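Take a look at the structure set out below.
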Amino acid sequence: RGGFRGGFRSGSRGGFRDGGGDEETGKRGFGRGGDIFIFIGRNEEVFSKVSTADKENQEASENTGPKVVYVPPPPPEEESSIFSHYATGINFDKYDDILVDVSGSNPPKAIMTFDEAGLCDSLRKNVTKSGYVKPTPVQKHGIPIISAGRDLMACAQTGSGKTAAFLLPILQRLMADGVAASKFSEVQEPEAIIVAPTRELINQIYLEARKFAYGTCVRPVVVYGGINTGYTIREVLKGCNILCGTPGRLLDIIGRGKVGLSKLRYLVLDEADRMLDMGFEPDMRKLVGSPGMPSKEDRQTLMFSATYPEDIQRMAADFLKVDYIFLAVGVVGGACSDVEQTIIQVDQYSKRDQLLELLRSTGNERTMVFVETKRSADFIATFLCQEKISTTSIHGDREQREREKALSDFRTGQCPVLVATSVAARGLDIEQVQHVVNFDLPSSIDEYVHRIGRTGRCGNIGRAVSFFIPESDTPLARSLVKVLSGAQQEVPKWLEEIAFSAHGTTGFNPRGKVFASTDTRKGGSFKTDEPAQASAPSPAVAADDEEWE
Ligand SMILES: Nc1ncnc2c1ncn2[C@@H]1O[C@H](COP(=O)(O)OP(=O)(O)OP(=O)(O)O)[C@@H](O)[C@H]1O
């Protein structure tokens, strides 16, 4: 049962070369020697040779590569699957104790209950069927702000309900204004566009939108790379009120004239800091500059994330009305306090055995293991399978069909271990992920915060273990100490020492300035110890951009 489900891509990348150095991050890959492993797991389908066709950066137009034929399975139709959800955890009520900072002129009053949200009957029913009894803080504050027509930059910890915070008021407004029931037309004019950085995340948001819109005339549609364009277009043309998309495919569909923007009222950037960093900023500027896109004065722009570096906040203002509201639940860039964080000092060559030991001790707990490169994702997944630990993997070099299969095997528990690159770091909401392992620490603290946030969601408790290699991870030490102490976690003495001695010498950390507790417009209130940097992602992030949509 240890088979690696989904297997590797066949063709040129079908084999894994355990070659040491890694071109993506400059870090050394795991293991040495010249052996070539080709692992085909049990039940693995051998997919067609598409070579690099599904590289995200080639997906803006499929005229340039082999045709992508994959059509995803249809979303569930039965009510029980649409509304399936997991229980809130023992710490759900503690969300109410988190400090909230709302800034901007005349912010509307927060609501305390969903009844006060003024939702129409069908939405109210759908909220109840989703198992929501009371709103989380980002919903209590975010819903009235959006309903009042204000632009919003919202920051709240991972797993605290940001998705419903924007979906519910948008749906409510569309229902209240009697949005035209979607019907076939050669050009669709959606009222809302939602963008997110990865295919799996945007699909998840779409399923949430579909759930809350259940039984209404509002039709959400999702578009993302790696699936057949013709299929995508047909889905859009059937009718589209809320268009969810990753940037490349979204711009492609708009560019093909299939989507008009004259009725657009809402533009939502989920994982907004990621959507505005160097990797995606040009696409976002292209999107808001698309013909027919209402100006920022004439649309409502909403941004959500758990992290907002200061420079990104400043740039985000270009997309928002001057009087946007800034909402911070807790510390901006802070880790979820329901995740118990442990940092273990290791050396590169003992990591693999330590991982094995860890996974053996946790039994069948659902665990996400994050690695820095696609190559090590393949390698570690293969290794774990050989050790009879049922494992699958997700990263940007896998075909979409394989990515979706991997995620579904992990969600159902068929493969309790998912080895992932940064592509799975943000937003994914998977039931019963008890454990996150940072086999490789990321180079940015924001990425760390998002990764460990795959567990400890919605008041549930989770654990995160990170392997720290002093030779390569020292630049992260200071930010780690801050994140740990900010989340009331024990800080190992050795880490404090490394952080302290690193300060002023190896102090460059492109994402070290995330400890903002307030709105940039307040000026000078940032608790930053490091000089401001331009809004460039760290070299590793830039190099790994193809991981993203
Ligand atoms: N008011 C609520 N009551 C119960 N469950 C809720 C409530 N709001 C959201 N949830 C559930 O909590 C989980 C996490 O929500 P969501 O994915 O929106 O978090 P998030 O803040 O967007 O996280 P991330 O920063 O990782 O993207 C989901 O399963 C969602 O259905």
Side-chain angles (χ1 to χ4, degrees), residues 82-96 98 110-117 119 123-124 126-143 154-170 194-198 200-212 214 244 268-275 302-308 327-330 332-339 368 411 422 424-433 436 446-460 462 464:
I82 293 172
F83 288 98
S84 76
H85 59 270
Y86 58 87
T88 57
I90 52 166
N91 284 342
F92 186 79
D93 286 336
K94 289 196 189 151
Y95 281 161
D96 291 336
I98 302 177
I111 53 165
M112 287 300 137
T113 63
F114 281 117
D115 287 336
E116 292 174 48
L119 303 176
L123 279 182
R124 191 69 190 86
N126 292 341
V127 166
T128 306
K129 282 190 211 162
S130 303
Y132 293 17
V133 176
K134 69 168 185 178
T136 63
V138 70
Q139 294 163 358
K140 286 178 180 171
H141 292 267
I143 291 173
C155 186
Q157 73 179 40
T158 52
S160 66
K162 294 186 285 294
T163 319
F166 61 77
L167 285 177
L168 290 174
I170 291 178
I194 301 169
V195 287
T198 66
E200 289 74 19
L201 176 56
I202 200 65
N203 201 35
Q204 180 183 298
I205 295 169
Y206 157 70
L207 291 173
E208 289 288 287
R210 192 170 170 266
K211 170 177 88 175
F212 290 125
Y214 185 74
C244 308
V268 184
L269 276 60
D270 195 22
E271 308 299 342
D273 56 329
R274 177 65 185 129
M275 300 314 298
L302 312 171
M303 301 191 179
F304 283 80
S305 186
T307 52
Y308 277 103
L327 164 64
V329 181
V332 177
C336 171
S337 47
D338 297 324
V339 181
M368 286 176 88
R411 272 187 202 280
S422 55
R426 284 181 181 251
L428 295 184
D429 183 54
I430 300 169
E431 185 173 3
Q432 279 183 19
V433 176
V436 168
D446 292 8
E447 166 89 7
Y448 172 85
V449 166
H450 287 280
R451 283 182 182 184
I452 67 165
R454 296 317 99 214
T455 183
R457 299 178 69 78
C458 208
N460 290 287

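In each ligand, atom 1 is the first atom listed, and ligand 1 is the first ligand listed. Quick caveat: nothing in here was measured; it's all calculated off a predicted structure.
- Those atoms of ligand 1 with a heavy atom of Y86 less than 4.0 angstrom away are 13 (C), 29 (O).
- Ring geometry for F212 against Y132 counts as perpendicular: the plane angle is over 60°, on a 0 to 90° scale with 30° as the lower cut.
- Electrostatic pairing of D446 and R274 does not count as a salt bridge here, judged by no charged N lying under 4.0 Å from a carboxylate O.
- With hydrogens and angles ignored, the 3.5 Å screen pairs a side-chain donor or acceptor of Q204 with a backbone N or O of G427.
- Among H85, K140, K134, the residue whose heavy atom sits closest to atom 1 (N) of ligand 1 is K134.
- For ligand 1, none of its N or O atoms has an N or O atom of F92 under 3.5 Å away.
- Of all atoms in ligand 1, numbered sequentially from 1 with element shown, those under 4.0 Å from a heavy atom of E271 are 27 (O).
- Considering D115, D96, T113 as possible partners of K134, the one that fulfils the side chain to side chain contact (heavy atoms under 4.5 Å, CB included) test is D96.
- Close approach of ligand 1 to R457 is summarised as follows: ligand atoms under 4.0 Å from at least one heavy atom of the residue are 14 (C), 16 (P), 17 (O), 19 (O), 20 (P), 23 (O), 24 (P), 26 (O).
- Summary of contacts: the protein heavy atom closest to atom 9 (C) of ligand 1 is Y132 OH, 3.3 Å.
- When each atom of ligand 1 is checked for a heavy atom of C458 under 4.0 Å away, the hits are 5 (N), 6 (C), 10 (N), 11 (C), 12 (O).
- Heavy-atom distances between Q157 and ligand 1 reach below 4.0 Å in at least one pair.
- A donor-acceptor distance shorter than 3.5 angstrom exists from the side chain of Y95 to the backbone of C458, with no hydrogens or angles considered.
- When the options V332, V449, T158 are evaluated for a side chain to side chain contact (heavy atoms under 4.5 Å, CB included) with T307, the one that passes is V449.
- Under a 3.5 Å cut-off, the side chain of N126 and the backbone N or O of F83 do not form any donor-acceptor pair.
- Contacts of H450 with ligand 1, taken as heavy-atom pairs under 4.0 Å, are absent altogether.
- Of all the atoms in ligand 1, the ones that sit under 4.0 Å from a non-hydrogen atom of T88 are 4 (C), 5 (N).
- Remark: the backbone N or O of V138 is not paired with any side-chain donor or acceptor of K162 at under 3.5 angstrom.
- With a heavy-atom cut-off of 4.0 Å, D429 touches ligand 1 through its side chain alone.
- Residue F304 does not touch ligand 1, judged by heavy-atom distances below 4.0 Å.
- In summary, D270 and R426 do not engage in a salt bridge, as defined by a charged side-chain N under 4.0 Å from a carboxylate O.
- Heavy-atom proximity to T163, at under 4.0 Å, picks out these atoms of ligand 1: 16 (P), 17 (O), 18 (O), 22 (O).
- Some N or O of G159 is nearer than 3.5 Å to an N or O of ligand 1, by distance alone.
- Residue G453 places no heavy atom under 4.0 Å from ligand 1.
- Among all non-hydrogen protein atoms, the one lying nearest atom 21 (O) of ligand 1 is K162 NZ, 2.8 Å.
- Here the straight-line distance linking atom OG of S337 with atom CD of Q157 works out to 5.0 Å at 0.5 Å rounding.
- No donor-acceptor distance shorter than 3.5 angstrom exists from the side chain of R454 to the backbone of I430, with no hydrogens or angles considered.
- Heavy-atom distances between A156 and ligand 1 stay at or above 4.0 Å for every pair.
- Nearest protein heavy-atom neighbour of atom 8 (N) of ligand 1: Q139 NE2, 2.8 Å.
- Considering only heavy atoms from C-beta on, V133 stays 4.5 Å or farther from T88 through its side chain.
- Under 4.0 angstrom from ligand 1, there are no non-hydrogen atoms of F166.
- Within ligand 1, the atoms closer than 4.0 Å to a non-hydrogen atom of R454 are 26 (O), numbered from 1 in the order shown.
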